[in-house]
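Not measured: the values here are computed from a predicted model.
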Amino acid sequence: MGVISTILGVFGFGTGVGIGLVIGYFLFIFYQPTDVKDIFIVKLDVADPEIRPLVEKDSESLQQLLPEIPVWVKNPDYDRIDWLNKFIEYMWPYLDKAICKMAKKIAEPIIAEQIPKYKIDSVEFETLTLGCLPPTFEGMKVYNTEEKELIMELGLKWAANPNILVAAKAFGLKATVQVLDLQVFASPRITLKPLVPSFPCFANIYVSLMEKPHVDFGVKLLGADAMSIPGVYRIVQELIKDQVANMYLWPKRLEVQIMDPAKAMQKPVGILNVTVVRAMKLKKKDLLGASDPYVKLRLTEDKLPSKKTTVKHKNLNPEWNEEFTFVVKDPQSQVLELNVYDWEQVGSHDKMGLNIVPLKELTPEEPKVMTLDLLKNLNPDDVQNEKSRGQLVVEVNYKPFKDDEVPTNVEDSSDVQKAPEGTPDSGGLLVIIIHEAQDLEGKNHTNPSVRLLFRGEERKTKVVKKNRDPRWEEEFQFTLDEPPTNDRVHVEVVSTSKRMGLLHPKETLGYVDIYLSDVVSNKRINERYHLIDSKNGRIQIEMQWRTAS
């Protein structure tokens with residue numbers, strides 16, 4: 001009986017489990033729980049987004065939705081400069097090396113000044129490269145000024161992959177710090193000043209930051225990530241922002257001199273004529289017992305490329321008789337450099353010798369034939385210069401300009417010409433030049449012209465139709481018996497329209513009264529004036545007082 005009851009129990013358990021599974025399956029199929037259904041509906045309601053047109057959003061909401069909007073889209077004062085980004089992309093391999101070289105030049109004196117305070121033996125750059133990813137400029141804003149300068153503000157974003165490895169030595173130990181994964185967001189102001197007539201057309205670069213920059217980077221110290229230490233990241237971020245702001249936040253600035261502005265603004269004062277006559281007893285440079293000499297000539301403080309003679313193949317006593325001309329700006333400091341090279345078809349050309357001719361040793365208007373010994377270098381104490389390298393014969397003649405021979409194409413545009421013949425001796429010529437205007441706005445139309453009133457005499461410029469930023473470039477002259485020290489000129493910008501049936505054929509867009517005492521004392525002024533009775537209108541006017549003396 002025990003066996004039979006056990007078998008029936010197992011059979012009953014198996015049958016009951018099977019029937020329960022079947023009943024549960026059918027209940028799951030045909031009956032959905034109400035709570036699950038309600039939860040599903042609630043989730044659908046929450047996930048359904050609110051759809052609104054973008055035009056109903058304000059500027060702050062749009063910037064939150066689209067934080068990466070370029071600055072030229074958000075601010076109409078900024079111009080799009082994709083061309084500059086493309087240029088930097090192509091030039092970046094070369095700019096990388098130039099920037100790193102300049103950074104070393106700036107940083108090394110600062111490091112040398114600071115390390116004695118911390119008892120550090122040395123700090124050196126083992127590796128310095130900015131990587132292959134160039135910076136991107138979102139837009140550029142340019143300021144108009146009356147000075148000889150160019151002011152630009154740019155929006156800079158840079159996610160770089162640099163490799164900067166700095167090694168510090170102290171107490172016989174060496175520690176290396178590596179900077180990686182650099183990110184910089186900044187708004188620099190770059191000023192090129194002064195503008196000069198010599199290439200690259202500006203003498204100095206000034207860089208300022210208009211706000212504290214965002215700088216993010218990784219630091220590896222002794223092979224470990226130092227920025228992962230709790231609290232270090234925030235401290236380093238604030239320290240960098242404060243230090244950079246203290247050094248270069250506007251109005252403070254970083255100055256990089258490109259050339260001496262005093263020398264760059266110098267005008268030509270004469271011409272140097274050079275004739276390379278011949279060379280004698282040059283030394284053999286080629287394996288076959290000959291040389292292929294030529295001469296390179298340049299004038300110091302001159303940015304133009306060197307001039308060259310022709311190549312005289314297989315000749316140790318070549319004759320050229322070739323003439324060259326140089327423009328001289330400072331005969332007291334400039335020097336004529338002469339370098340003799342051996343031409344090579346493959347590889348670099350070998351230098352055979354050199355010498356110089358200081359212009360201050362030349363007598364003006366007096367041709368001079370000079371036989372120069374070729375030297376290894378210009379060090380008078382170098383024993384290698386005692387070795388004979390041959391001689392070079394040249395003829396030089398410095399011709400200073402006379403007053404009426406100064407080239408007109410290099411004169412400073414700010415110079416004031418003399419008054420023409422017939423001008424009264426005690427008086428002069430008042431010249432008024434109307435250049436341009438900006439942001440003019442009329443209530444009914446904007447067809448601007450300029451009306452001048454001076455001592456009861458009226459002059460007018462032409463009408464520029466439908467233009468809020470007109471350019472006239474018109475000149476007016478008034479011959480006066482005496483300087484207009486106590487006079488003023490009334491300048492009025494008017495808009496006219498000839499459309500039939502118009503109720504407002506003429507309206508004033510603004511005016512300004514200019515007193516002429518500054519013009520008489522300074523001989524020339526070139527200013528941009530804000531127009532009275534105009535919201536934002538400005539006009540640029542140049543005035544000159546020319547006398548016969």
Side-chain angles (χ1 to χ4, degrees), residues 63 67-82 84-85 87-88 91-92 95-96 98-111 113-114 125 128-131 133-145 147-162 164 166 179-195 200 202-219 227 233-258:
Q63 292 186 25
E68 297 301 323
I69 296 178
V71 67
W72 58 267
V73 175
K74 296 184 288 187
N75 193 330
D77 291 338
Y78 283 79
D79 296 322
R80 188 174 182 177
I81 48 174
D82 292 340
L84 179 59
N85 292 323
F87 171 79
I88 293 176
M91 291 291 294
W92 184 244
L95 291 173
D96 178 18
I99 293 172
C100 290
K101 183 178 180 181
M102 183 181 298
K104 278 187 177 181
K105 186 177 180 180
I106 295 174
E108 286 175 352
I110 298 176
I111 294 174
E113 182 181 354
Q114 295 295 326
F125 288 97
L128 179 56
T129 175
L130 301 179
L133 300 177
T136 300
F137 293 98
E138 291 188 300
M140 179 171 64
K141 180 180 180 180
V142 179
Y143 288 88
N144 291 324
T145 68
E147 303 296 329
K148 295 181 179 180
E149 63 182 4
L150 175 62
I151 301 177
M152 302 170 288
E153 284 187 12
L154 302 104
L156 171 66
K157 286 190 175 183
W158 188 18
N161 56 344
I164 304 174
V166 181
V179 180
L180 301 168
D181 302 328
L182 176 66
Q183 291 186 4
V184 179
F185 301 147
S187 300
R189 170 179 286 187
I190 300 175
T191 303
L192 309 180
K193 179 181 180 179
L195 302 180
F202 55 89
N204 298 299
I205 301 177
Y206 301 94
V207 181
S208 299
L209 296 175
M210 305 311 296
E211 57 187 27
K212 287 187 177 182
H214 171 76
V215 181
D216 192 6
F217 57 89
V219 175
M227 302 301 285
Y233 176 79
R234 183 179 297 275
I235 294 174
V236 172
Q237 282 285 331
E238 294 302 322
L239 180 63
I240 290 176
K241 286 184 180 180
D242 292 340
Q243 288 298 322
V244 173
N246 290 336
M247 295 173 65
Y248 303 124
L249 192 63
W250 175 260
K252 298 179 181 179
R253 58 189 183 181
L254 168 67
E255 179 180 353
V256 180
Q257 188 177 61
I258 305 301

Identify, with sequence neighbours excluded, every residue that meets side-chain contact (heavy atoms from CB on, under 4.5 Å) alongside [X].
X    : result
P162 : A160, I164, L182
M152 : M140, V142, L150, L154, I190, L192
T191 : E149, I151, R189, K193, Y206
K104 : E108, F125, L128

Query raised in the report: Under a 4.5 Å cut-off applied to non-hydrogen side-chain atoms, are N204 and P194 in contact?
Result: yes
Query - Rounded distance (nearest 0.5 Å) linking atom CD of E138 with atom CZ of R80 - result: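 These two atoms lie 11.5 Å from each other.
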Report task. Please round to the nearest 0.5 Å and tell me the distance separating atom CG of N161 and atom CD of Q183. Result ->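 Rounded to the nearest 0.5 Å, the CG-CD separation comes out at 11.5 Å.
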**Report entry** Residue pair I99, W92: steps toward the side-chain contact (heavy atoms from CB on, under 4.5 Å) verdict
**Finding:** CA-CA 10 Å; I99 293 172; W92 184 244; 4.0 Å; yes
Requested in this report: May I have the step-by-step check of side-chain contact (heavy atoms from CB on, under 4.5 Å) for L156 and F137, ending in yes or no?
Outcome: CA-CA 5 Å; L156 171 66; F137 293 98; 3.8 Å; yes
Query raised in the report: When you measure from the side chain of D96 to the backbone N and O of L130, does any donor-acceptor pair fall under 3.5 Å?
Result: yes
Query raised in the report: Are the side chain of W158 and the backbone N or O of L133 linked by a donor-acceptor pair below 3.5 Å?
Result: yes
**Report entry** Non-hydrogen atoms of N85 and P135 that approach each other most closely
**Finding:** OD1-O, 4.3 Å
Report task. Kindly check if the number of other-residue, nucleotide or ligand heavy atoms within 6.0 Å of CE (M210) is above 12? Result -> yes
